[in-house]
There are 2 protein chains.
Amino acid sequence: MSRTGAVILGLVALRPRSGYEIKAAVDSSTRFFWAASYGQIYPELKRLEEGGLIAGEPAPRGARRRRVFRITPAGREAFDAWLAQPEFSWELRDEGLLKLFFADLLPPAAALELVRARRAAHERFLARLRAIQPGPGPVAGAARFPDLVLEYGIGMNEWAIGWCDEVERALSSADERPG
Amino acid sequence: MSRTGAVILGLVALRPRSGYEIKAAVDSSTRFFWAASYGQIYPELKRLEEGGLIAGEPAPRGARRRRVFRITPAGREAFDAWLAQPEFSWELRDEGLLKLFFADLLPPAAALELVRARRAAHERFLARLRAIQPGPGPVAGAARFPDLVLEYGIGMNEWAIGWCDEVERALSSADERPG
DNA sequence: ACACACATGTAAGGCGTTACATGATTCC
DNA sequence: GGAATCATGTAACGCCTTACATGTGTGT
């Protein structure tokens with residue numbers, strides 16, 4: 001089972017969903033640390049069903065055909081096995097950091113511009129994250145992990161904005177007093 | 001020009017290098033926000049040379065064949081154009097956050113274990129980053145952007161460790177006082 | 001003699017995105 | 001009538017990793 005398969009499995013474990021609903025759920029939650037497109041989701045649903053990890057049933061709305069998938073016992077088992085494993089891959093592709101890494105090759109003003117643009121990007125990101133509603137209130141000390149992960153994203157971007165501010169300040173003062 | 005092409009272009013802009021040296025430079029610097037393997041580097045070198053952005057010359061060491069690439073004026077132009085553009089893609093695949101997102105489906109003890117494992121991973125990451133030597137001392141107010149980016153990685157991981165600590169604490173107290 | 005670092009590449013395969021194709025329903 | 005949303009899928013392509021193949025030089 002691929003990791004994108006695990007996302008799908010997890011979402012249908014929470015409640016039965018159609019492919020379309022899975023895509024919507026991904027886009028409003030895991031997208032920032034695990035994205036998925038239709039081009040992955042539908043073929044993966046097929047594979048998971050063939051593997052007996054999920055089961056789909058027709059659930060049309062009017063004449064609009066629609067299939068809803070629920071997790072099977074075997075699927076739940078596979079999902080739990082993945083989930084409990086405390087090992088995880090991590091991969092980042094950050095073109096902004098890449099440009100900053102090479103910014104010595106740029107005139108100071110252009111480098112400063114890069115930092116400001118990065119700050120603005122974090123600000124936009126933050127706004128999108130803050131627009132996401134946290135789940136229903138704390139259920140008697142329950143963990144509400146999706147909210148924790150949302151807080152992680154928010155905190156991370158706030159930290160990054162602070163970093164940009166520091167760098168901007170350092171760069172500006174170095175600019176004023178060259179040599 | 002692809003973004004991995006830009007990394008290669010930037011590294012040979014700093015100084016002429018062989019494919020092997022590019023791989024080593026990537027592994028000890030950009031790897032954490034932009035990785036590259038031999039399977040990308042050598043074909044990309046070929047493409048960049050064919051496009052006239054870099055020029056390779058034989059530079060054998062003994063009987064060991066070796067080619068060193070330097071950037072051409074056209075290459076430098078293309079690189080600068082990419083570098084100055086304050087737009088950048090950003091993509092994260094974080095399996096740890098994914099597991100945390102679904103951790104409501106796990107017994108509390110196992111969820112706690114996930115947080116601890118993430119903390120340990122950040123700790124290891126931090127150790128690797130701190131092992132990287134910063135470049136030569138500040139050259140009269142020069143920016144030393146690679147060092148700034150290194151500091152970014154260090155600061156980010158320190159922040160993440162703090163987040164893990166907070167979550168661990170919240171989880172432990174909820175565990176002691178259930179309901 | 002053996003292991004490890006230096007050095008250059010290719011082939012196969014996995015993962016993922018984008019664009020396209022199709023059609024129903026709802027809202028203005 | 002038109003646009004947006006709901007809904008399912010496929011095809012082509014790009015990017016990247018892994019594994020392999022080959023050979024030299026250095027240190028023990």
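To find a chain, count down the sequence lines: A is the first, B the second, and so on, and within it residues start at 1.
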Check: B:A55 main-chain N/O paired with B:T72 side-chain donor or acceptor under 3.5 Å
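Between the backbone of B:A55 and the side chain of B:T72 there is no qualifying donor-acceptor contact (under 3.5 Å).
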When you measure from the side chain of B:K23 to the backbone of B:S18, do you find a donor-acceptor pair of N or O atoms at a distance under 3.5 Å?
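Checking the backbone N and O of B:S18 against the side chain of B:K23, no donor-acceptor pair under 3.5 Å is found.
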Contact boundaries of DNA chain C with chain B (under 4.0 Å, heavy atoms), 5' to 3'?
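For DNA chain C, the relevant span reads C:dA5 to C:dT17.
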Identify, residue by residue, the members of residues 59-68 of chain A with a heavy atom below 4.0 Å from DNA chain D, and return them in order of residue number, or none.
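By residue number: A:R61, A:R64, A:R65, A:R66, A:R67.
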Report the distance from atom [atom1] of [X] to atom [atom2] of [N], rounded to the nearest whole Å.
{"X": "A:R47", "N": "D:dT10", "atom1": "CZ", "atom2": "P", "result": "11 Å"}
{"X": "B:Y42", "N": "D:dC15", "atom1": "OH", "atom2": "C1'", "result": "19 Å"}
{"X": "A:K46", "N": "D:dA7", "atom1": "NZ", "atom2": "C1'", "result": "17 Å"}
{"X": "B:D27", "N": "D:dT17", "atom1": "CG", "atom2": "C1'", "result": "13 Å"}
{"X": "A:F69", "N": "D:dT8", "atom1": "CZ", "atom2": "P", "result": "7 Å"}

Under 3.5 Å, which donor-acceptor pairs do the side chains of residues 30-39 of chain A form with other protein atoms, sequence neighbours left out?
{"unit_1": "A:T30", "atom_1": "OG1", "unit_2": "A:W34", "atom_2": "O", "d": "2.9"}
{"unit_1": "A:R31", "atom_1": "NE", "unit_2": "A:D27", "atom_2": "O", "d": "2.9"}
{"unit_1": "A:W34", "atom_1": "NE1", "unit_2": "A:T4", "atom_2": "OG1", "d": "3.0"}

Linking I/L/V/M/F/W/Y whenever any side-chain heavy atoms sit under 4.5 Å apart, do B:I8 and B:V68 land together?
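Shared cluster, no.
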Selection residues 6-17 of chain B - residue pairs positive for salt bridge (Lys or Arg N to Asp or Glu O under 4.0 Å), sequence neighbours left out:
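Qualifying pairs: none.
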Phosphate OP1/OP2 of [N] contacted by [X] side-chain N/O (<4.0 Å):
{"X": "A:R93", "N": "D:dC16", "value": "yes"}
{"X": "B:S2", "N": "D:dG14", "value": "no"}
{"X": "B:Q40", "N": "D:dC15", "value": "no"}

Base, sugar-phosphate, or nothing for A:G39, non-hydrogen atoms under 4.0 angstrom?
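Base, at least one base heavy atom under 4.0 Å.
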Closer than 4.0 angstrom, basic N to acidic O: yes or no for B:E166 and B:R169?
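No salt bridge links B:E166 with B:R169.
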Taking only residues two or more places apart in sequence or in another chain, which ones pass side-chain hydrogen bond (donor to acceptor under 3.5 Å, both in side chains) with B:E91?
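side-chain hydrogen bond (donor to acceptor under 3.5 Å, both in side chains) list for B:E91, sorted by chain: empty.
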Do B:F88 and A:D94 make a side-chain contact, defined as non-hydrogen atoms from C-beta onward lying under 4.5 Å apart?
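Not in contact.
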Taking only residues two or more places apart in sequence or in another chain, which ones pass side chain to side chain contact (heavy atoms under 4.5 Å, CB included) with A:R119?
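A:R119: side chain to side chain contact (heavy atoms under 4.5 Å, CB included) contacts with A:E123, A:I161, A:C164, A:D165, A:E168.
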